[in-house]
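Only one structure is covered here, and it is reproduced in the block below.
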Amino acid sequence: MSGTITEAIAARLDRAGAVPREQDLYTGEGTDFYERLVGADAAEIREVLALAREAAGPVLDVAAGSGRLTIPLVRSGRSVTALDLSDDMLSHLRRALPDHPRLDCVIADMRDFSLPRPYDLVVLGATSITLLDREGRARLYASVRRHLAPGGVFAFSVAGGAAAESLTVPSEQEIRVPGPGPGPGGEETYLFSQQMEEDGAARLVNWVRLADVVAGGDVCVLTSRLRVLSHELLSSELVDAGFAEPAVSPVRTHPGADILLLTTTRAGTRDRARDDDTA
């Protein structure tokens, strides 16, 4: 069995006599499931819109996906560049805001991108930073620094509290997910499996539709591998990468989904701003 399928899912499919078909969560049919899973999640939107109101210029949404943050930013009147490696993810966004004059979709790797303009606000939502290993995060930080306008803000989120603790232990459960059809009442049950790897430094996550797990069934196994990161580690990395010590604040969301927002600027920017205020 492949290294992208958890042992629990592999055993479940083997017992059922089903045949696994691996699918990255962020490409192809995985994007449709991901949109159903998180599309209605309003976490971070309030906080990001508040940051955008303080930014005079354009906004860069890194790992924008299907536009969970981009869409409300554009609708609030901001010009947004939505950057994502997956054209399949961005296709959802283009359908939501077809030919919008304040939206620019760019297919690029968040670890290494080059855009023709600086940005007053760069955001990275949905704890997407956990997709990157240490080297990848260092490259991301360098790319963001190159694209921040003077006084620009970089903001991203990471799990905190009980939510962070839940990411450090193996887990198998059944979860109800909105169905692909329009309207309420079309939920489907998915098997969720989380397997810890690298001595707890990473987690392998699988999603499988329960109805597909039958003898001889062709079972799409949606996969993702993520890092387990604390806000303390990320804060230290930011400072080492030339950013100011970030402000860490809780995101308003539903109970049990503890999310922290880290907000920073290039090192020295805040000190200069304080000097200007007292001059």
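The residues of the chain are indexed from 1 along the displayed sequence. A quick note: this is a predicted structure, and the numbers were derived from the prediction, not measured.
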With hydrophobic residues grouped by side-chain heavy-atom distances under 4.5 Å, do [X] and [Y] end up in a single group?
{"X": "F243", "Y": "L132", "answer": "yes"}
{"X": "I5", "Y": "V213", "answer": "yes"}
{"X": "L229", "Y": "V62", "answer": "yes"}
{"X": "V239", "Y": "V144", "answer": "no"}
{"X": "L90", "Y": "L69", "answer": "yes"}

Between [Y] and [X], is there a side-chain heavy-atom distance shorter than 4.5 Å?
{"X": "V248", "Y": "L261", "answer": "no"}
{"X": "F156", "Y": "L234", "answer": "yes"}
{"X": "V80", "Y": "R102", "answer": "no"}
{"X": "V205", "Y": "L222", "answer": "no"}
{"X": "T81", "Y": "L115", "answer": "yes"}
{"X": "M196", "Y": "V228", "answer": "yes"}
{"X": "Q195", "Y": "P170", "answer": "no"}
{"X": "L73", "Y": "V48", "answer": "yes"}

Worked check of side chain to side chain contact (heavy atoms under 4.5 Å, CB included) between L210 and E174: CA-CA 8 Å; L210 182 59; E174 295 183 3; 4.0 Å; yes
Least distance between heavy atoms, [X] atom then [Y] atom:
{"X": "P58", "Y": "P118", "value": "CG-O, 3.8 Å"}
{"X": "G152", "Y": "T265", "value": "O-CG2, 3.4 Å"}
{"X": "M89", "Y": "T31", "value": "SD-CG2, 3.3 Å"}
{"X": "L83", "Y": "A108", "value": "CD2-O, 3.5 Å"}
{"X": "L13", "Y": "P20", "value": "CD1-CB, 3.7 Å"}
{"X": "D84", "Y": "A64", "value": "OD2-N, 3.4 Å"}

Got a donor-acceptor contact below 3.5 angstrom from the [X] side chain to the [Y] backbone?
{"X": "E135", "Y": "R139", "value": "no"}
{"X": "N206", "Y": "V221", "value": "no"}
{"X": "E47", "Y": "R252", "value": "yes"}
{"X": "S235", "Y": "H231", "value": "yes"}
{"X": "D120", "Y": "G57", "value": "yes"}
{"X": "E245", "Y": "A267", "value": "no"}
{"X": "R266", "Y": "A244", "value": "no"}
{"X": "S86", "Y": "Y26", "value": "yes"}

Restricting to pairs with a member in [range], which pass salt bridge (charged side-chain N to carboxylate O under 4.0 Å, His left out), not counting sequence neighbours?
{"range": "residues 86-98", "answer": "D87-R94"}
{"range": "residues 143-167", "answer": "D112-R146"}
{"range": "residues 215-228", "answer": "R21-D218, E197-R225, E198-R227"}
{"range": "residues 57-72", "answer": "E44-R68"}

Evaluate the criterion side chain to side chain contact (heavy atoms under 4.5 Å, CB included) for residue pair T264 and V153; output intermediate values, then yes/no. CA-CA 6 Å; T264 187; V153 170; over 6 Å; no
Any chance you could lay out the side chain to side chain contact (heavy atoms under 4.5 Å, CB included) test for V177 and E187, step after step, and finish with the verdict? CA-CA 5 Å; V177 176; E187 291 187 335; over 6 Å; no
Which atom pairs, donor and acceptor, lie under 3.5 Å between side-chain atoms of residues 121-130 and protein residues at least two apart or in another chain?
| residue | atom | partner | partner atom | Å |
| --- | --- | --- | --- | --- |
| S128 | OG | G125 | O | 2.7 |
| T130 | OG1 | T127 | O | 2.8 |

Working to the nearest 0.5 Å, report the span between [atom1] of [X] and [atom2] of [Y].
{"X": "L204", "Y": "S193", "atom1": "CG", "atom2": "OG", "result": "7.5 Å"}
{"X": "M110", "Y": "L140", "atom1": "CE", "atom2": "CG", "result": "6.5 Å"}
{"X": "L51", "Y": "R78", "atom1": "CG", "atom2": "CZ", "result": "10.5 Å"}
{"X": "T70", "Y": "H92", "atom1": "OG1", "atom2": "NE2", "result": "14.0 Å"}
{"X": "D104", "Y": "R117", "atom1": "CG", "atom2": "CZ", "result": "8.0 Å"}
{"X": "D32", "Y": "S91", "atom1": "CG", "atom2": "OG", "result": "7.5 Å"}

Checking [X] now: which residues fulfil side chain to side chain donor-acceptor pair (under 3.5 Å) with it, not counting sequence neighbours?
{"X": "T189", "result": "R176"}
{"X": "S171", "result": "Q173"}
{"X": "H100", "result": "none"}

Please lay out, stage by stage, how L93 and C105 fare under the test side chain to side chain contact (heavy atoms under 4.5 Å, CB included). CA-CA 9 Å; L93 174 53; C105 291; 3.8 Å; yes
For R134, give me all partners under salt bridge (Lys or Arg N to Asp or Glu O under 4.0 Å), at least two apart in sequence or on another chain.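 Once residues adjacent in sequence are excluded, the partners of R134 under the salt bridge (Lys or Arg N to Asp or Glu O under 4.0 Å) criterion are E237.
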Evaluation steps, side-chain hydrogen bond (donor to acceptor under 3.5 Å, both in side chains), between E22 and T223: CA-CA 7 Å; E22 300 165 53; T223 73; 5.7 Å; no
Please list all pairs passing the ring-ring contact (aromatic ring centres under 6.0 Å, His included) test where one or both residues lie in residues 202-224, with sequence neighbours left out.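 Qualifying pairs: F33-W207, F192-W207.
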According to ring-ring contact (aromatic ring centres under 6.0 Å, His included), does anything in residues 102-146 pair up with another residue at least two apart or in another chain? List the pairs.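 Checked against ring-ring contact (aromatic ring centres under 6.0 Å, His included) - neighbours excluded - the pairs reaching residues 102-146 are F113-H147.
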Can a salt bridge be assigned to the pair R36 and E188 using a cut-off of 4.0 Å between side-chain N and carboxylate O?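 Answer for the salt bridge query: yes.
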Quick one: name the residues clustered hydrophobically with L167, using the 4.5 Å side-chain heavy-atom rule over I, L, V, M, F, W, Y, and just say none if it's on its own.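 Members besides L167: none; it forms no cluster.
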